[in-house]
Each structure stands twice: as structure tokens, then as C-alpha cells.
Amino acid sequence: MKKRIFSGAQPTGNLHIGNYLGALKNWVALQNEYESFFCIVNLHAVTVAQEPKVLRQKTLDLARIYLASGIDPQISTVYVQSDVSEHSELAWILNCVARIGELERMTQFKDKSRVRGENVSAGLLVYPTLMASDILLYKTDLVPVGHDQKQHLEITRDLATRFNRDYGETFKIPDAFISPTGAKILSLADAAKKMSKSDENLNGSIFLLDDADIIQKKIKRAVTDSGTNIKFDESRPAINNLLTIYQLLTGKTAEECEANFAGKGYGNLKSELAETVVEFLRPFQERVKQIDDGELEKILKTGAEKARSIARETLKTVYERMGIVGAR
Ligand code: TYM
């Protein structure tokens, strides 16, 4: 039997090249080898206020982006989180397993609550238990994510282990799959920060739906480091970042990339990179446009049915183990 992977992205903001290189690209590469579940996590999105009309639209747009990236709905299960209510049901159970202290210590929660002050929903605190539910419902082996999700994977493992200890072996303990290159693409405007959907500075991110001239401008303006040679070097994060994006999109080895830019300047790196990104995104954006609404609806419906049938079994076992019974 094939091992399983599960992953997802929030339908908030616009997906950027960091999301693609750190997550979606790996999903596509792994889908033939694993039984795959790719979810659009709209319930995570509402942990911060969303405009209903926009959220509805972004949910479907994200499904299109999954498909245009190369997720094949014939072999992978693509669905929307809210269509499978077991995610919320298991999240409640895991809220009762998690400890407030461990949730408060999560760096993403600390960062977001620092910015928002009093205006922090309880949902933001329990965000990781919903994410753990997503993963654990499917007895997932591997979770391909970017570096920023590492801590969420650790708490998922802790919650599963605690549940298994208290109620008997129920959940599979999942592993994170974090690629050695591309798991943390940095902002083009500030190499001390990761590229982020919620960054107010739009120049820091290359969005997957950006026009060619916007991409050219953003890359041209990208910050660089002191020095002149173009080599992979973690101590020069801005150049390292541009080279990493170049490497992942061209499929060249690190040596080939360095050889390609030997004796050339930052201007050459930027113009070649801009051309590479534009050439990559052109057919991608074409595919996004071509996805038929009716076809998309069918894919999401079939995906939700398949996901639900598995999620229901896991939740049933959880309820049985915990003595949760009723009339049904
Ligand atoms: P989200 O929507 O923020 O991001 C989607 C994926 O993109 C990765 N990513 C990056 N990778 C490289 N460089 C970057 N700058 C960068 N920014 C984001 C993220 O690590 C992620 O893999 N909590 C998740 C969604 C989620 C989920 C799950 C993921 C909910 N349930 C279950 C896996 C399994 C999130 O907010 O991703």
C-alpha cells in the first residue's frame, strides 16, 4: 500500500513563489509516489477576519492554482476543508488534549498576537489543533511544508503521541517533509524576513499571478548583499535567495548555477532570473485561466467525498476510544 501525504494552504492573500517552491512544487513531485490529499484550508483562514466575498473567491482560486501547478485530480484528492466537517470535530477533541501553555508558546501565535494586541481570536490560539486534525484524520505519513510549519508539525506529533498514550494506539505519528532547498524563500525587499502573503510591502513577494512587467520591476529592485561574486552563501542571504529561486525554477545544480554566473554581475543575475520567472509563470497563468468552473466544482466534490470517507472512519475510532456515544 502507498504511504500517504497531506498538505494544504490558506486561501488568504495571494500565493507567491515561496509557497510554490517551498510546498506546491514538492506536492506535485511526490503525488505519484504517495496517496495524496491536498486541502484548501478555509477554516484556518477565518482565524483572522476575512471579507466573505473575497474568501469565497480565493478558495476557488486556490483550487485552480493547485491544479495549474500540476496537482493531478485523477491521482490526488483535492478538496476544501469546510466540506469535511470531521476536521472541525476532531479539532474539538484535540483542543481538549492540547494544553494552553503549549499553544501560547507557538512562535506563529506569539508573532501574530504581538501585532494584533487585544484583537486576537481564540481560533488563532487553537490554529495548531485544527492543523493537527487535518493531518491526523488521514493517518498521514508525510507532510510536505515550508520551514515555517515545522513547529506546527512538532505539536501535531506531540498531540498524537499524547492521545495514543491516554486512549490507545489510534493516530499515526507523521513526519514533516521540508526540502533542503527552497523551504524558506526570503522577501525580495528584506532578506531578514521570509516571503509572506501577509507582508504589507508587496515588492517583497513575487505572486504567482503577477504580470510580467511587475515581476521584472520587483526583481530589478530586489535587495542584494555587499560583495560582487554570485555564489550560494548563507552569509549573503539576499543573493543566496535569488540564486535559490533561479536554481529551483531552472532545475540546474548549484554548480551549474554558479558556473552560469561566473564573472557576471548582480545585474545579469537579476535579468536572467526575471526572464526565468516570467517564462515559468506564463504557461502557469494560462493554465489557471483555462480551468473550467464546472469541472472544478466536480473535482472538489469528488475530493470531499473521498476525504470524508476516510476522515469519518478515523473520527469514529477516536469517539469509541474516548467513550463518546449517543443515539446515532
Ligand atoms: P500557508 O498557507 O501559509 O502556506 C502554504 C505553504 O507554503 C509554505 N511557505 C513557504 N515556503 C517557502 N518559503 C516561504 N517564504 C514560504 N511561505 C510559506 C508554507 O510552509 C506552507 O507549506 N498552516 C498552513 C496550512 C495548513 C497545513 C495543514 C499545512 C493547514 N493545515 C496541514 C500542512 C498540513 C499555512 O498557513 O500555510
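Any value given below was found using the heavy atoms of this structure, including those in side chains, with hydrogens, waters and symmetry copies removed. Here the structure is a predicted model, which means the values were calculated and not measured. Ligands are counted one by one from 1 in listed order, and the atoms in each one are counted from 1 as well.
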Examine H147 against ligand 1 and note whether any of their N/O atoms are separated by less than 3.5 Å.
-> no
Going by the atom numbers of ligand 1, which of them fall below 4.0 Å from some non-hydrogen atom of G8?
-> 25 (C), 26 (C), 27 (C), 29 (C), 33 (C)
Using distance alone, determine whether G18 and ligand 1 share an N or O pair under 3.5 Å.
-> yes
Run the contact test for S187 against ligand 1 with a 4.0 Å cut-off on heavy atoms, strictly below, and give the result.
-> no
Under 3.5 Å, is there a donor-acceptor pair linking the side chains of Y127 and Q108?
-> no
Table please: side-chain donor-acceptor pairs of residues 289-299 below 3.5 Å, with sequence neighbours left out.
residue: D292; atom: OD2; partner: G294; partner atom: N; Å: 3.2
residue: D292; atom: OD2; partner: E295; partner atom: N; Å: 2.9
residue: D293; atom: OD1; partner: R64; partner atom: NH2; Å: 2.6

Among protein heavy atoms, which sits nearest to atom 23 (N) of ligand 1, and what does the distance come to when rounded to 0.1 Å?
-> Y127 OH, 2.7 Å
Please report which non-hydrogen protein atom sits nearest to atom 19 (C) of ligand 1, along with the residue it belongs to and the distance in Å to one decimal place.
-> D148 OD1, 3.3 Å
Show which atoms of ligand 1 fall inside a sub-4.0 Å distance from at least one heavy-atom site of G22.
-> 11 (N), 12 (C)
Would you indicate whether the side-chain heavy atoms of L188 and L242 approach each other to under 4.5 Å?
-> yes
Show which atoms of ligand 1 fall inside a sub-4.0 Å distance from at least one heavy-atom site of G182.
-> 12 (C)
Any side-chain donor-acceptor pair under 3.5 Å between E272 and N260?
-> yes
For K2, look at atom NZ and say whether over 12 heavy atoms of other residues, nucleotides or ligands are found less than 6.0 Å away.
-> yes
Element-labelled atoms of ligand 1 that are located less than 4.0 Å from some non-hydrogen atom of I135 | 32 (C), 34 (C)
For atom 37 (O) of ligand 1, what's the nearest protein heavy atom and its distance?
-> Q149 NE2, 3.8 Å
Going by the 4.0 angstrom heavy-atom rule, the piece of A183 near ligand 1 is backbone
Show which atoms of ligand 1 fall inside a sub-4.0 Å distance from at least one heavy-atom site of A23.
-> 6 (C), 7 (O), 22 (O)
Pick whichever of N26, T12, V143 has a heavy atom sitting closest to atom 34 (C) of ligand 1.
-> V143
Contact atoms of ligand 1, heavy-atom distance to F6 under 4.0 Å | 32 (C), 34 (C)
Short N/O distance, under 3.5 Å, between K194 and ligand 1?
-> no
Would you say the side chain of I206 lies within less than 4.5 Å of the side chain of L281, judging by non-hydrogen atoms?
-> yes
Do me a favour and list the nearest non-hydrogen protein atom to atom 3 (O) of ligand 1 with residue, atom name and distance?
-> K197 NZ, 3.9 Å
pair I71-W27: side-chain heavy atoms closer than 4.5 Å = yes
Any side-chain heavy atom of F177 sitting closer than 4.5 Å to one from N26?
-> yes
Nitrogen or oxygen of D134 less than 3.5 angstrom from that of ligand 1 = yes
From the candidates A45, G146, A176, the one that places a heavy atom nearest atom 22 (O) of ligand 1 = G146
M195 N/O to ligand 1 N/O under 3.5 Å = yes
Just which atoms of ligand 1 are under 4.0 Å from any heavy atom in I185?
-> 12 (C), 13 (N), 14 (C), 15 (N)
Just wondering, are more than 12 heavy atoms of other shown residues or ligands nearer than 6.0 Å to NZ in K264?
-> yes
Any side-chain donor-acceptor pair under 3.5 Å between Q57 and D61?
-> yes
Residue K218 excluded, over 12 heavy atoms near NZ under 6.0 Å | yes
Y20: which of Y66, F207, F280 passes ring pair (Phe, Tyr, Trp, His ring centres under 6.0 Å) | F280
Take F171 and T314 through the side chain to side chain contact (heavy atoms under 4.5 Å, CB included) test and state the conclusion after the steps.
-> CA-CA 8 Å; F171 295 123; T314 308; 4.0 Å; yes
Where ligand 1 meets N19 - atom numbers and elements under 4.0 angstrom, heavy-atom basis = 4 (O), 5 (C), 6 (C), 7 (O), 8 (C), 9 (N), 17 (N), 18 (C)
Could you tell me if any non-hydrogen atom of Q81 lies under 4.0 Å from any atom of ligand 1?
-> no
